[in-house]
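Everything below concerns the one structure shown next.
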Amino acid sequence: MRIYNSLTDKIEEFKPIKDNEVTMYVCGPTVYNYVHIGNMRPVITFDMVANYFKYLGYKVIYASNFTDINPKIITAAKELGITEREVADKFIKAYLDDLKSYNCNEIDYRPKVIDNLGNIYNFIKALIDKGYAYVNDGDVYFRVSKVKDYGILSNQDIEELESGARVDVDPKKEDPLDFALWRKTDEGENFLSPWGYGIPGWHTECVVMINSIFGEKIDIHGGGIDLKFPHHENEIAQSLALHNNTLANYWMHNGHININGTKMSKSLGNFILARDFIKDHDANVVKIVMFKTHYRLPLNITDELFNEAKIINEKVYNALKQANLSIQLNNLKIGNISVDDNINKIMDEDFNTPNLISYMMELVKELNANLRSKKDICDTYDKLKLVVNILGLVYNFSVLSESDIDLYNKWVLLKNNKDFEHADIIRKELESKGIL
Ligand SMILES: [Zn+2]
């Protein structure tokens with residue numbers, strides 16, 4: 001298995017920290033609003049990554065956080081006339097509902113900042129004790145200049161960054177690049193820390209939650225490309241300071257989403273909420289649209305791409321449905337194949353989902369041919385199901401009862417006897433039951 005590592009800008013052989021186990025963390029949403037379709041790309045991408053590792057036989061331990069303490073939440077609380085907790089709870093629930101409607105995976109941990117404040121205080125204290133952070137008037141800042149590898153992820157050197165940061169000079173900071181670990185505020189919901197009332201900095205939350213769930217280091221840290229700098233760079237800086245490691249061995253970033261060639265933004269009016277998008281689109285089709293482009297590349301959503309994905313989805317659905325029927329009517333044994341070398345060849349090279357979709361369509365063709373010749377249906381069906389599961393596509397088919405099977409056999413008999421009038425009546429009944 002080879003993964004493109006953003007940290008080294010190379011495709012590298014994947015070596016887990018613990019044999020047969022993968023620990024993964026993906027930055028989750030700041031819960032002050034409904035998420036947009038761009039926020040769904042990391043979720044769907046890293047579900048696929050987890051699915052593939054499971055297919056390879058790994059135990060996957062996956063965490064993704066909620067940023068439920070943030071200035072944006074304080075602003076939203078004022079606007080909505082409710083408390084910060086009510087804002088956070090409302091949008092956490094909405095987010096989880098969205099994930100359900102996209103058939104996303106259940107994951108192992110969804111930590112919240114509010115449950116980690118004690119850990120955050122200890123973490124910041126340790127950084128201060130080691131000289132990597134300093135207190136100024138109730139704020140605590142990270143001393144970037146003390147980390148010699150700062151810029152390792154985003155490939156920028158400190159001098160370059162300094163000149164960029166100088167535009168926005170904050171007199172409370174020793175250096176413009178320093179970032180807040182703790183910010184003094186008496187506005188909205190705030191918390192009493194060893195440095196007074198305030199709220200924690202976003203970059204600290206993620207590191208602390210990773211450390212408290214997994215320990216000092218994980219295998220894979222993921223997120224959207226927009227988080228690479230400064231968020232992920234600053235997570236790494238804190239981990240280098242405290243634990244002398246890069247927090248994760250592999251850093252993975254998914255590309256952003258464009259709609260018909262333009263970046264999604266509120267001002268352009270092409271800002272699509274995930275919950276609105278799924279009203280008009282099947283979850284499988286959305287996933288196929290996403291996976292037709294490699295996760296690292298920018299994804300351009302167009303009507304053409306959607307139409308193509310719809311056709312793919314229908315073809316997979318129809319082939320699986322016919323196979324499912326044939327398997328049940330003939331009592332065939334499925335589940336014999338759990339590994340397919342073709343899948344490994346495609347996916348072992350940094351999760352090449354566009355090629356996996358091409359392979360899926362080859363399997364659909366093969367399955368349709370096998371259904372006609374009534375040979376090798378189960379093997380092809382198994383392989384197709386493996387692909388479908390890795391991509392997180394969900395197809396549900398009815399389980400046939402005895403009477404369904406009788407009805408089906410009756411239909412076949414009537415057809416064979418050329419009694420098309422009665423066969424038609426039964427066909428309609430079979431169709432209404434979702435069997436045909
Ligand atoms: Zn994060």
Side-chain angles (χ1 to χ4, degrees), residues 5-7 22-33 35-36 38-47 49-50 61-73 88 91-92 95-96 99 104 107-117 119-120 123-124 127 133 140-142 144 147 150-154 178-183 199-243 245-256 295:
N5 191 352
S6 295
L7 191 63
V22 180
T23 47
M24 274 173 62
Y25 181 91
V26 176
C27 295
T30 302
V31 282
Y32 72 105
N33 204 342
V35 295
H36 59 77
N39 300 118
M40 293 308 295
R41 195 174 185 198
V43 179
I44 290 171
T45 297
F46 289 99
D47 268 1
V49 167
I61 311 174
Y62 183 178
S64 183
N65 71 304
F66 290 117
T67 297
D68 62 333
I69 299 175
N70 190 276
K72 285 176 183 162
I73 296 174
F91 292 111
I92 285 173
Y95 178 72
L96 293 175
L99 297 191
C104 292
I107 64 168
D108 304 284
Y109 297 97
R110 292 201 185 278
K112 297 178 195 169
V113 184
I114 191 128
D115 300 326
N116 279 279
L117 285 167
N119 294 330
I120 288 173
F123 186 85
I124 296 175
L127 284 173
V140 185
Y141 293 99
F142 186 85
V144 166
V147 177
Y150 192 77
I152 186 176
L153 179 68
S154 52
D178 293 352
F179 55 90
L181 303 174
W182 183 264
R183 208 180 270 282
I199 59 171
W202 175 39
H203 311 312
T204 302
E205 299 165 4
C206 284
V207 191
V208 170
M209 289 190 250
I210 289 170
N211 288 170
S212 61
I213 293 169
F214 298 105
E216 290 183 8
K217 204 175 190 187
I218 54 173
D219 290 301
I220 295 172
H221 191 313
I225 188 78
D226 50 318
L227 296 184
K228 196 171 175 185
F229 187 86
H231 184 51
H232 291 163
E233 190 73 67
N234 290 350
E235 283 188 41
I236 290 176
Q238 295 167 79
S239 189
L240 282 170
L242 213 54
H243 303 127
N245 70 44
T246 53
L247 188 61
N249 282 332
Y250 304 86
W251 285 76
M252 290 177 68
H253 292 99
N254 63 273
H256 61 266
Y295 76 89

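Index from 1, following the sequence. Small disclaimer: the values here were computed from a predicted structure and weren't measured. Order of listing sets the numbers, starting from 1, for every ligand and every atom in it.
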- If the Zn ion (ligand 1) is the vertex, what is the angle to SG of C206 and SG of C27, rounded to 10 degrees? 130°
- Query: Counting backbone and side-chain atoms alike, does H203 have an N/O/S atom under 2.8 Å from the Zn ion (ligand 1)?
  - Reply: no
- Can you sort out the partners of D219 under salt bridge (Lys or Arg N to Asp or Glu O under 4.0 Å), two or more places apart, ordered by chain and number? none
- Message: Under 2.8 Å from the Zn ion (ligand 1), is there any N, O or S atom belonging to H232?
- Response: no
- Item | Heavy-atom side-chain contact between Y150 and N234 under 4.5 Å | yes
- Query: Is it true that a side-chain atom of R41 and a backbone atom of G255 form a donor plus acceptor pair closer than 3.5 Å?
  - Reply: yes
- Item | Pairing residues for T246 by the side-chain hydrogen bond (donor to acceptor under 3.5 Å, both in side chains) criterion, not counting sequence neighbours | none
- Between the main-chain N or O of C27 and the side-chain N or O of N65, is there a donor-acceptor pair closer than 3.5 Å? no
- Query: If you look at E235, which of its N/O/S atoms is nearest to the Zn ion (ligand 1)?
  - Reply: OE2
- Item | the Zn ion (ligand 1) - closest N/O/S atom in H231 | NE2
